[in-house]
Amino acid sequence: MNLTLYVWRQKNADDKGRMETYAAKNISTHMSFLEMLDVVNEDLIEQGIEPIAFDHDCREGICGMCSLVVNGRPHGPEKATTICQLHMRHFKEGDKIYIEPWRAKAFAVVKDLVVDRSALDRIMAAGGFVSVNTGGVPDGNSIPISKVDADTAMDAAACIGCGACVASCKNASAMLFVAAKVSQFASLPQGKVEASRRVRAMIDQMDVEGFGNCTNFQECEAACPKEISIKFIAKMNREYLKSSVAPSKG
Amino acid sequence: MDTIQVSTMSSHRPVTAYKSSIGMKLLMGITGFTFIGFVTGHMIGNLQVFLGPEKLNAYAHTLQSLGALLWIIRLSLFTFFAVHIFFGIKLWLENKASRPIPYVKEVNVESTFSSRIMIWSGLAMFSFVVYHLLHFTLIVTNPEYAVLKENLDVYSMMVVGFSNYWISAVYVVAMIFLSLHVNHAVFSMFQTFGLTNAKWIPLLRRIGNLYAILILVGYVSMPIAVLLNIITLH
């Protein structure tokens, strides 16, 4: 299969950047999208052109490192699929494919398709944890948790922090990411203790980082490779309202 | 190396809620909710035009006789309107700034047309409200209504006003924008208030669609009825 790629090339953060056109030749339908880029890069190296830089790590859809906007859609056209798990059988001979980095003020381009997502780490550092300041490891199952609550927390915790929600949002808002993290803790007794302070700390950090605001477009849910529901955004809004009206001491 | 600034939970200093992203959204939701109430009430009140001049003019007299209460309602609506517009524009500007470099290939997957044009349908509503007040309330654009206005003959004002094709066209176009605006507003408001879950999100979207259609049909029926001579001067 032969394809035409339009790829964003940018030397470094200060470079203006531009789209470049490359031919992807003899691509097997069994390859993943990233393997296809590996093949293109080998071609580029042989031609003496700098290979395309892109983020990747586990290549099995669980680490949240890969981050390509393919034909305007973060992680490409398949539902619930990271770009590393997208296979070339979803494309056909002669396809034109646009490959761009995550676009957001809070995610500066480092090089080509690699962006700096440390803003998400700083939101986590602001409140995405449970404070356990002393004592040994608590016994497993010492705090009974209902199946419903455990499942809700697990659904939220499925977030791999890739930032596709930000990339897909018309406002580059990080609400789905923050909502997943806030809800994951707020659904469990261990996390409820600090729920009030947590939601405010994480939202404040989100605002400081320069992410946009939520317009309830629902684009994030469609782009999320882990299918995190926007119901968690409603949950976060409830948590925020609760913490504003009646902040707990925790 | 750059210093990383993070306000952790322990040293956390709460910012004033209205400055935060969710705080501003809540203000949009609360003010928007009152407009949904107003828009619904205003439509039901005016639909009495189909019941004849006595009914509609009696309704106008009842509103006028509220006296101070009417002014409290007017001033509250005006304040809420100003807040809604101020934060609507502020949020829109912030959202624009959050993505300085646009995508070369831009696609829409889940977002609706009405959700993407909220700022434009909103600004269209603002322009319309200014015109509407100049037209029927302050009678600046059509001073010939002055006698009718003095007698509180709202019925005749409506018939005379909508008999003009251009005026009717302005009202119909404005109501299309209003309909688009509330189509997204209903769901968005409940979501911002946190009053949704997986079951209610699709339901509220449908309720929003239905409400938008009701508003459009209800309001547009009045100029159309005048133009089709279903409602005439008595």
Side-chain angles (χ1 to χ4, degrees), chain A residues 6 8 17 19 69 71-73 98 100 103-106 109 118 122-123 125-127 129 131 168-173 175 194 197-198 200-201 203-208 210-223 229-231 233-241 243-244 247, chain B residues 4-26 28-29 87 90-92 94-112 115-116 118-119 184-185 187-201 205:
Chain A
Y6 301 93
W8 182 260
M19 294 299 276
V69 175
N71 288 336
R73 300 184 66 172
Y98 286 79
E100 296 173 76
R103 288 287 185 207
K105 190 175 122 199
V109 171
S118 53
R122 287 191 291 274
I123 294 175
F129 53 85
S131 303
S168 67
C169 178
K170 306 281 171 204
N171 304 339
S173 167
M175 286 279 277
E194 294 167 299
R197 278 193 295 162
R198 174 183 302 110
R200 294 187 72 93
I203 299 275
D204 285 356
Q205 192 63 37
M206 175 185 92
D207 289 343
V208 168
F211 291 106
N213 308 286
C214 183
T215 301
N216 303 315
F217 289 121
Q218 231 172 320
E219 290 285 356
C220 52
E221 189 182 281
S229 163
I230 60 158
K231 73 177 183 186
I233 296 180
K235 184 172 173 61
M236 174 171 69
N237 290 341
R238 281 198 293 279
E239 292 290 332
Y240 188 81
L241 204 56
S243 86
S244 309
Chain B
I4 296 170
Q5 281 194 332
V6 173
S7 53
T8 58
M9 282 197 278
S10 51
S11 64
H12 179 244
R13 180 178 49 85
V15 295
T16 325
Y18 73 87
K19 282 184 190 162
S20 87
S21 142
I22 300 184
M24 288 191 280
K25 289 287 299 167
L26 280 169
M28 292 299 284
F87 283 105
K90 186 169 153 56
L91 285 163
W92 179 72
E94 282 186 17
N95 294 340
K96 292 286 279 182
S98 298
R99 177 164 294 136
I101 304 166
Y103 288 110
V104 172
K105 190 101 175 163
E106 176 97 44
V107 297
N108 305 308
V109 183
E110 275 297 314
S111 62
T112 57
S115 72
R116 293 192 301 270
M118 285 305 266
I119 181 76
H184 181 63
F187 156 70
S188 192
M189 181 178 77
F190 281 101
Q191 175 76 358
T192 301
F193 292 155
L195 298 173
T196 54
N197 57 27
K199 183 184 160 191
W200 276 94
I201 288 167
R205 282 199 174 280

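The sequence lines fix the lettering, A, B, ..., with proteins before strands; numbering per chain opens at 1.
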Donor-acceptor contact below 3.5 Å, side chain [X] vs main chain [Y]:
X	Y	answer
B/Arg99	A/Arg103	yes
A/Glu100	B/Lys105	yes
B/Asn95	A/Asn171	no
B/Gln191	A/Ile230	yes
A/Asn237	B/Ile22	no
A/Glu219	B/Val109	yes

What are the two closest heavy atoms between [X] and [Y], and how far apart are they?
X	Y	value
B/Gly23	A/Tyr240	N-CE2, 4.1 Å
A/Cys214	B/Lys25	O-CE, 2.9 Å
A/Asp207	B/Ser20	OD2-CA, 3.3 Å
B/Thr196	A/Arg238	O-NH1, 3.4 Å
B/Arg205	A/Asn216	NH2-O, 3.6 Å
B/Ser98	A/Gly210	OG-O, 3.4 Å

*Best-contacting candidate, B/Lys96, B/Arg116, B/Met28, against chain A by heavy atom pairs under 4.5 angstrom*: B/Arg116
*Just give me the residue among B/Leu26, B/Val104, B/Leu195 that pairs up with chain A most often, heavy atom to heavy atom, under 4.5 Å.*
B/Val104
*Residue pair B/Ser21, A/Asn213: steps toward the side-chain hydrogen bond (donor to acceptor under 3.5 Å, both in side chains) verdict*: CA-CA 6 Å; B/Ser21 142; A/Asn213 308 286; 3.3 Å; yes
_How about OH on B/Tyr103, more than 12 heavy atoms from neighbouring residues, nucleotides or ligands closer than 6.0 Å, or not?_
yes
*What part of B/Leu91 lies closer than 4.5 angstrom to a heavy atom of chain A: side chain, backbone, both or neither?*
both
*B/Phe193 versus chain A, the contacting section by heavy-atom distance below 4.5 Å*: backbone
At a heavy-atom separation under 4.5 Å, does [X] approach chain B through its side chain, its backbone, both, or neither?
X	value
A/Cys220	neither
A/Phe211	backbone
A/Leu241	side chain

_Presence of salt bridge, B/Glu106 and A/Lys170, under 4.0 angstrom_ = yes
